[in-house]
Amino acid sequence: MANTYTWNFAQLDTAPTEGSLSDVVKSIHWQITGVSDVSTPNNATSIYGQATVGDADADSFTAFNSLTEAWCKTQVLAALDKTEAELKSDIDIQIAELDTPTSVGKLPSSW
């Protein structure tokens, strides 16, 4: 199975000031989507959530406008205590269930 994955960061919640720092990220609204390129139709599923970021460290602080998606991904994975491979595996399992469901909701035709 070949799936492609896309991260999205919809919003960063910030504290306007924290000590001498400004626009300190406190939480990240995130989503990772996986799309199958072998199933027809191309099944897709997502995992999303909000991850809390730890306390800011003035010595390693990155200014808000210098933040990257890679920084956000690192923070989310740390907050979840998961690897990116583990999240992708979770998505792969969901897509496999879409491709070959183990249960299907039905009602009798006479209802």
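For the residue pair Ala44 and Leu98, the shortest heavy atom distance occurs at O-CD1, 3.6 Å. Across Ser46 and Thr33, no two heavy atoms sit closer than the pair OG-OG1, 2.7 Å. Of all non-hydrogen atoms in Gln50 and Ser27, the two that sit nearest each other are NE2-OG, 2.9 Å. Annotation for Ser36 and Asp99: closest pair OG-OD2, 4.3 Å, computed over non-hydrogen atoms. Heavy atoms only, all atoms of each residue included: Phe61 and Ala56 are closest at CD1-CB, 4.2 Å. Ile91 approaches Ile32 most closely through the heavy-atom pair CD1-O, 3.6 Å.
More than 12 heavy atoms of other residues, nucleotides or ligands lie within 6.0 Å of CG in Asp57, so this atom counts as buried by the packing criterion. The environment of CD in Glu69 is sparse: at most 12 heavy-atom neighbours from other residues, nucleotides or ligands sit within 6.0 Å.
At a threshold of 4.5 Å between side-chain heavy atoms, the hydrophobic network of Ile, Leu, Val, Met, Phe, Trp and Tyr places Trp30 and Val35 in two separate groups.
Considering CG of Leu67 and CZ of Phe9, their distance stands at 11.0 Å, rounded to 0.5 Å. Atoms CG and CG, on Asn3 and Asp37 in that order, are 7.0 Å from each other to the nearest 0.5 Å. Between atom CG of residue Asn65 and atom CG of residue Asp23 there is a gap of 7.5 Å, rounded to the nearest 0.5 Å. Rounding to the nearest 0.5 Å places NZ of Lys82 at 6.5 Å from CD1 of Ile47. If you take OG1 on Thr14 and CG on Leu21, they are separated by 12.0 Å, rounding to the nearest 0.5 Å. Atom CD in Glu97 sits 13.5 Å away from atom CG in Asp92 (nearest 0.5 Å).
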Subject >> Verdict with supporting geometry, Leu87 and Leu77, side chain to side chain contact (heavy atoms under 4.5 Å, CB included) >> reply: CA-CA 9 Å; Leu87 284 179; Leu77 293 172; 3.7 Å; yes
**OP:** Output, in order, the C-alpha distance, side-chain angles, deciding distance and verdict of side chain to side chain contact (heavy atoms under 4.5 Å, CB included) for Leu80 and Glu86.
**Re:** CA-CA 11 Å; Leu80 296 174; Glu86 289 172 320; over 6 Å; no
Original post:
Hey, mind stepping through Asn8 and Tyr48 against side chain to side chain contact (heavy atoms under 4.5 Å, CB included) and telling me if it holds?
Top reply: CA-CA 9 Å; Asn8 180 46; Tyr48 59 91; over 6 Å; no
**OP:** Mind running side chain to side chain contact (heavy atoms under 4.5 Å, CB included) on Asn43 and Thr45 for me, showing each step along the way?
**Re:** CA-CA 7 Å; Asn43 286 324; Thr45 189; over 6 Å; no
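Counting heavy atoms from C-beta on, the side chains of Tyr5 and Glu84 never come closer than 4.5 Å. Using a 4.5 Å cut-off on side-chain heavy atoms (C-beta onward), Thr68 and Trp71 make contact. No side-chain heavy atom of Ile93 sits under 4.5 Å from any side-chain heavy atom of Lys88.
Side-chain atoms of Ser89 do not come within 3.5 Å of backbone N or O of Ala85 as any donor-acceptor pair.
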